[in-house]
Amino acid sequence: MSILYYTLNNSVFTNFAFYSTAAVVKMMGMSALTTLKRMSKDAFANPEDLSLAKNKTAVITLADPDVERVRRNHLNDIENIVPFVLVGLFYVGTNPDRDTALWHFRVFFISRVLHTLTYQLALPQPSRFITCAIGYLTTLSMASRVLLNVRP
Ligand SMILES: N[C@@H](CCC(=O)N[C@@H](CS)C(=O)NCC(=O)O)C(=O)O
(Lines give C-alpha, C1' and ligand atoms only; values in the text may rest on other atoms or scores of the structure.)
Protein backbone atom coordinates (compact mmCIF):
# COMPACT_ATOMS: atom_id res chain seq x y z
CA MET A 1 0.00 0.00 0.00
CA SER A 2 1.15 3.53 -0.73
CA ILE A 3 0.12 6.67 1.11
CA LEU A 4 -0.32 8.25 -2.35
CA TYR A 5 -3.52 6.24 -2.81
CA TYR A 6 -5.13 8.35 -0.06
CA THR A 7 -5.00 11.71 -1.82
CA LEU A 8 -7.65 13.62 -3.74
CA ASN A 9 -5.59 13.00 -6.89
CA ASN A 10 -6.62 9.32 -6.77
CA SER A 11 -10.14 8.98 -8.17
CA VAL A 12 -10.59 5.60 -6.43
CA PHE A 13 -10.12 7.39 -3.12
CA THR A 14 -12.36 10.35 -3.99
CA ASN A 15 -15.10 7.95 -5.18
CA PHE A 16 -14.74 5.98 -1.97
CA ALA A 17 -14.85 9.18 0.11
CA PHE A 18 -18.03 10.23 -1.67
CA TYR A 19 -19.94 6.96 -1.34
CA SER A 20 -18.81 6.11 2.18
CA THR A 21 -19.76 9.60 3.37
CA ALA A 22 -23.11 9.29 1.59
CA ALA A 23 -23.69 5.92 3.29
CA VAL A 24 -22.78 7.34 6.71
CA VAL A 25 -25.10 10.32 6.19
CA LYS A 26 -27.87 7.90 5.16
CA MET A 27 -27.22 5.97 8.38
CA MET A 28 -27.33 9.19 10.42
CA GLY A 29 -30.70 9.85 8.83
CA MET A 30 -32.04 6.89 10.80
CA SER A 31 -31.46 8.85 14.02
CA ALA A 32 -33.54 11.72 12.65
CA LEU A 33 -36.21 9.29 11.48
CA THR A 34 -36.32 7.69 14.94
CA THR A 35 -36.90 11.10 16.51
CA LEU A 36 -39.65 11.92 14.01
CA LYS A 37 -41.38 8.58 14.73
CA ARG A 38 -41.12 9.13 18.48
CA MET A 39 -42.61 12.60 18.18
CA SER A 40 -45.40 11.58 15.81
CA LYS A 41 -46.39 8.60 17.99
CA ASP A 42 -45.66 10.03 21.44
CA ALA A 43 -43.46 6.96 21.88
CA PHE A 44 -40.76 8.16 24.24
CA ALA A 45 -38.22 5.97 26.00
CA ASN A 46 -37.29 8.26 28.89
CA PRO A 47 -39.55 9.86 31.53
CA GLU A 48 -38.04 13.33 30.98
CA ASP A 49 -38.92 13.12 27.27
CA LEU A 50 -42.64 12.93 28.05
CA SER A 51 -42.68 16.72 28.34
CA LEU A 52 -42.48 16.66 24.52
CA ALA A 53 -45.61 14.50 24.17
CA LYS A 54 -48.72 15.95 22.55
CA ASN A 55 -50.93 13.66 24.61
CA LYS A 56 -50.21 14.51 28.24
CA THR A 57 -51.37 11.04 29.35
CA ALA A 58 -48.62 9.35 27.27
CA VAL A 59 -46.40 6.88 29.12
CA ILE A 60 -42.87 5.75 28.32
CA THR A 61 -42.56 2.78 25.99
CA LEU A 62 -39.71 0.64 24.68
CA ALA A 63 -41.97 -1.37 22.40
CA ASP A 64 -43.60 0.88 19.83
CA PRO A 65 -43.53 -1.24 16.63
CA ASP A 66 -42.83 1.69 14.26
CA VAL A 67 -40.03 3.15 16.37
CA GLU A 68 -38.52 -0.31 16.85
CA ARG A 69 -38.60 -0.91 13.08
CA VAL A 70 -36.54 2.25 12.48
CA ARG A 71 -34.18 1.27 15.30
CA ARG A 72 -33.64 -2.21 13.82
CA ASN A 73 -33.02 -0.61 10.43
CA HIS A 74 -30.48 1.72 12.05
CA LEU A 75 -28.73 -1.20 13.75
CA ASN A 76 -28.61 -3.08 10.45
CA ASP A 77 -26.99 -0.02 8.84
CA ILE A 78 -24.36 -0.01 11.57
CA GLU A 79 -23.74 -3.73 11.02
CA ASN A 80 -23.14 -3.16 7.31
CA ILE A 81 -21.93 0.40 6.74
CA VAL A 82 -19.19 0.35 9.39
CA PRO A 83 -17.60 -2.78 7.82
CA PHE A 84 -17.93 -1.22 4.34
CA VAL A 85 -16.05 1.91 5.42
CA LEU A 86 -13.35 -0.05 7.27
CA VAL A 87 -12.79 -2.65 4.56
CA GLY A 88 -13.07 0.05 1.87
CA LEU A 89 -10.15 1.97 3.37
CA PHE A 90 -7.91 -1.08 3.00
CA TYR A 91 -9.40 -1.87 -0.41
CA VAL A 92 -8.39 1.58 -1.74
CA GLY A 93 -4.84 0.75 -0.64
CA THR A 94 -4.78 -2.33 -2.92
CA ASN A 95 -4.93 0.06 -5.93
CA PRO A 96 -7.99 -1.58 -7.54
CA ASP A 97 -9.16 -0.87 -11.08
CA ARG A 98 -11.00 2.48 -11.03
CA ASP A 99 -14.25 1.32 -12.61
CA THR A 100 -14.41 -1.94 -10.69
CA ALA A 101 -13.98 -0.03 -7.46
CA LEU A 102 -16.52 2.60 -8.45
CA TRP A 103 -19.14 -0.06 -9.14
CA HIS A 104 -18.45 -1.70 -5.76
CA PHE A 105 -19.04 1.65 -4.05
CA ARG A 106 -22.14 2.46 -6.09
CA VAL A 107 -23.74 -0.95 -5.70
CA PHE A 108 -23.14 -0.92 -1.95
CA PHE A 109 -24.66 2.52 -1.49
CA ILE A 110 -27.69 1.77 -3.66
CA SER A 111 -28.22 -1.53 -1.83
CA ARG A 112 -28.38 0.30 1.51
CA VAL A 113 -30.87 2.87 0.22
CA LEU A 114 -33.04 0.09 -1.17
CA HIS A 115 -32.70 -1.90 2.06
CA THR A 116 -34.07 1.09 3.97
CA LEU A 117 -36.97 1.48 1.56
CA THR A 118 -37.89 -2.19 1.75
CA TYR A 119 -37.63 -2.10 5.55
CA GLN A 120 -39.54 1.11 6.19
CA LEU A 121 -42.24 0.35 3.64
CA ALA A 122 -42.47 -3.22 5.00
CA LEU A 123 -42.26 -4.62 1.46
CA PRO A 124 -42.71 -8.36 1.13
CA GLN A 125 -39.68 -10.60 1.55
CA PRO A 126 -37.32 -11.55 -0.03
CA SER A 127 -36.96 -7.91 -1.15
CA ARG A 128 -35.18 -6.80 2.04
CA PHE A 129 -33.11 -9.96 2.17
CA ILE A 130 -31.92 -9.42 -1.42
CA THR A 131 -30.99 -5.76 -0.91
CA CYS A 132 -29.12 -6.62 2.28
CA ALA A 133 -27.32 -9.57 0.71
CA ILE A 134 -26.13 -7.47 -2.26
CA GLY A 135 -24.47 -4.92 0.03
CA TYR A 136 -23.04 -7.64 2.25
CA LEU A 137 -21.54 -9.50 -0.72
CA THR A 138 -20.10 -6.27 -2.11
CA THR A 139 -18.17 -5.67 1.10
CA LEU A 140 -17.08 -9.32 1.12
CA SER A 141 -15.83 -8.92 -2.46
CA MET A 142 -13.68 -5.95 -1.39
CA ALA A 143 -12.51 -7.87 1.67
CA SER A 144 -11.42 -10.83 -0.47
CA ARG A 145 -9.24 -8.52 -2.59
CA VAL A 146 -7.65 -7.08 0.55
CA LEU A 147 -6.99 -10.52 2.01
CA LEU A 148 -5.49 -11.80 -1.25
CA ASN A 149 -3.29 -8.73 -1.82
CA VAL A 150 -2.18 -7.87 1.69
CA ARG A 151 -0.76 -11.05 3.14
CA PRO A 152 1.30 -10.65 6.30
N1 LIG B 1 -28.65 -8.67 12.52
C2 LIG B 1 -29.40 -9.14 11.37
C3 LIG B 1 -28.53 -10.19 10.64
C4 LIG B 1 -29.15 -10.72 9.32
C5 LIG B 1 -29.52 -9.58 8.40
O6 LIG B 1 -28.81 -8.56 8.27
N7 LIG B 1 -30.69 -9.72 7.76
C8 LIG B 1 -31.21 -8.64 6.91
C9 LIG B 1 -31.94 -9.24 5.70
S10 LIG B 1 -33.35 -10.19 6.09
C11 LIG B 1 -32.15 -7.73 7.66
O12 LIG B 1 -32.66 -6.79 7.09
N13 LIG B 1 -32.41 -8.04 8.96
C14 LIG B 1 -33.31 -7.26 9.75
C15 LIG B 1 -32.68 -6.55 10.88
O16 LIG B 1 -31.44 -6.53 10.99
O17 LIG B 1 -33.43 -5.94 11.65
C18 LIG B 1 -30.74 -9.72 11.85
O19 LIG B 1 -30.91 -9.88 13.06
O20 LIG B 1 -31.62 -9.96 11.02
Side-chain angles (χ1 to χ4, degrees), residues 1 5-6 12-50 52-55 58-94 96-152:
M1 292 195 195
Y5 297 139
Y6 297 94
V12 175
F13 179 65
T14 55
N15 289 334
F16 174 67
F18 178 85
Y19 282 102
S20 48
T21 301
V24 168
V25 168
K26 179 254 155 293
M27 179 170 75
M28 291 170 68
M30 303 315 290
S31 297
L33 190 57
T34 306
T35 303
L36 290 175
K37 284 275 180 213
R38 287 196 187 286
M39 302 286 285
S40 70
K41 298 199 70 185
D42 278 353
F44 297 99
N46 305 292
E48 66 273 23
D49 301 343
L50 288 174
L52 301 169
K54 295 179 292 297
N55 178 356
V59 292
I60 58 169
T61 174
L62 300 177
D64 181 87
D66 295 333
V67 172
E68 291 309 309
R69 178 177 284 272
V70 182
R71 281 163 53 80
R72 288 194 303 277
N73 195 157
H74 194 172
L75 180 61
N76 195 277
D77 271 354
I78 295 168
E79 288 173 9
N80 288 276
I81 292 174
V82 172
F84 169 79
V85 174
L86 287 177
V87 170
L89 276 175
F90 299 123
Y91 177 73
V92 169
T94 67
D97 171 70
R98 181 191 183 281
D99 290 336
T100 307
L102 180 57
W103 278 106
H104 275 78
F105 306 153
R106 277 184 182 147
V107 167
F108 179 84
F109 177 69
I110 292 167
S111 79
R112 292 315 301 177
V113 171
L114 293 178
H115 177 267
T116 298
L117 290 177
T118 58
Y119 214 161
Q120 294 311 309
L121 299 175
L123 299 184
Q125 285 280 35
S127 60
R128 173 161 45 86
F129 172 79
I130 290 170
T131 59
C132 194
I134 289 172
Y136 189 85
L137 292 174
T138 304
T139 302
L140 270 187
S141 168
M142 298 193 307
S144 67
R145 181 177 166 90
V146 174
L147 292 173
L148 291 172
N149 282 270
V150 189
R151 280 192 227 138

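Treat the numbers as computed from the prediction; the structure is a model and nothing was measured. Whatever order the structure lists them in is the order used to number ligands and atoms, beginning at 1.
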List the closest protein heavy-atom neighbour of [atom]: residue, atom name, distance to the nearest 0.1 Å.
atom                    : value
atom 20 (O) of ligand 1 : Asn76 ND2, 5.0 Å
atom 14 (C) of ligand 1 : Arg128 NH1, 3.2 Å
atom 2 (C) of ligand 1  : Glu79 OE1, 3.6 Å

Apply side-chain contact (heavy atoms from CB on, under 4.5 Å) to the pair Arg98 and Asn15, showing each step before the final yes or no. CA-CA 9 Å; Arg98 181 191 183 281; Asn15 289 334; 4.1 Å; yes

Atom indices of ligand 1, in the order listed, that fall short of 4.0 Å to a heavy atom of [X]:
X      : answer
Gln125 : 10 (S)
His115 : 11 (C), 12 (O)
Phe129 : 9 (C), 10 (S)
Tyr119 : 14 (C), 15 (C), 17 (O)

Sub-4.0 Å protein heavy atom near [atom]:
atom                    : answer
atom 6 (O) of ligand 1  : yes
atom 18 (C) of ligand 1 : no
atom 9 (C) of ligand 1  : yes

Applying side-chain contact (heavy atoms from CB on, under 4.5 Å), run through Phe129 and Thr118 and close with a yes or a no. CA-CA 9 Å; Phe129 172 79; Thr118 58; over 6 Å; no

Are side-chain heavy atoms of Lys37 and Arg71 found at a separation under 4.5 Å? no

With only distance considered, is Asn73 within less than 3.5 Å of ligand 1 through an N or O on each side? no

With sequence neighbours excluded, tell me which residues meet side-chain contact (heavy atoms from CB on, under 4.5 Å) with Leu50. Phe44, Ala58, Ile60

Member of Leu123, Leu114, Val113 meeting the side chain to side chain contact (heavy atoms under 4.5 Å, CB included) criterion with Thr131: Leu114

If we count only N and O atoms by modelled type, under 3.5 Å, do the side chains of Thr34 and His74 hold a donor and an acceptor together? no

Lys54 and Ser40: which non-hydrogen atoms are nearest, and at how many Å? NZ-O, 3.6 Å

Please verify the inter-ring angle class for Phe84 with Phe105; under 30° counts as parallel, over 60° as perpendicular, anything in between as tilted. perpendicular

